[in-house]
Amino acid sequence: MPSCEKCWSEAAASIDKTDQYQQLIETCTCTPEEQAGRHAEVCPVCHRRTQHQHYGVCMNPECKEETP
């Protein structure tokens with residue numbers, strides 16, 4: 001499962017990155033674009049910049065893209 005890139009980058013400053021990341025994903029309400037990352041691509045199905053920058057899957061929960 002792809003990570004939320006915004007939360008992962010915010011947790012980078014923490015000594016215990018994994019625990020900080022877990023807290024952030026439980027409390028933050030990141031947009032699909034933020035979850036996909038700064039270098040995300042435009043999804044060919046929903047036409048939003050929500051295709052995850054590392055995994056290539058759409059982070060938009062409303063998208064009908066088929067997961068490989």
Side-chain angles (χ1 to χ4, degrees):
M1 171 178 232
S3 63
C4 173
E5 292 300 315
K6 180 178 183 244
C7 290
W8 186 250
S9 67
E10 288 180 9
S14 174
I15 292 172
D16 192 348
K17 186 173 185 160
T18 307
D19 285 344
Q20 180 66 26
Y21 173 73
Q22 186 64 37
Q23 286 180 340
L24 287 168
I25 61 170
E26 290 174 2
T27 58
C28 292
T29 54
C30 299
T31 66
E33 287 82 2
E34 291 171 327
Q35 292 174 18
R38 293 184 312 172
H39 303 291
E41 298 289 329
V42 174
C43 174
V45 177
C46 68
H47 307 291
R48 290 175 64 180
R49 189 169 297 280
T50 52
Q51 207 158 19
H52 196 275
Q53 66 184 17
H54 299 298
Y55 294 96
V57 297
C58 185
M59 299 299 283
N60 178 5
E62 298 172 0
C63 182
K64 304 297 185 212
E65 176 190 51
E66 296 209 11
T67 305

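It should be emphasised that the depicted structure is a prediction, and the values quoted were computed from it without experimental measurement.
- Interatomic distance, Cys28 SG to Glu34 CD, rounded to the nearest 0.5 Å: 9.0 Å.
- Residue Val42 comes nearest to Gln51 through the heavy atom pair O-OE1, 3.4 Å, listed as atom of the first residue, atom of the second, then distance.
- In this structure, the side chains of Cys43 and Asn60 stay at 4.5 Å or more apart for every pair of heavy atoms.
- Applying the ring pair (Phe, Tyr, Trp, His ring centres under 6.0 Å) definition to pairs two or more places apart or across chains, those involving residues 11-33 are Trp8-Tyr21.
- The side chain to side chain donor-acceptor pair (under 3.5 Å) search around Glu5 returns Ser3, His52, Gln53, not counting sequence neighbours.
- Under the side chain to side chain donor-acceptor pair (under 3.5 Å) criterion, Glu41 pairs with no residue, sequence neighbours left out.
- Taken to the nearest 0.5 Å, the OG1 atom of Thr50 stands 10.5 Å off from the CD atom of Glu62.
- With values rounded to the nearest 0.5 angstrom, Gln23 atom CD is found 11.0 Å from Cys7 atom SG.
- No side-chain donor-acceptor contact under 3.5 Å links Arg49 to the backbone of Glu33.
- Scanning all heavy atoms of the two residues, the minimum distance from Leu24 to Ala11 falls at CD1-N, 3.9 Å.
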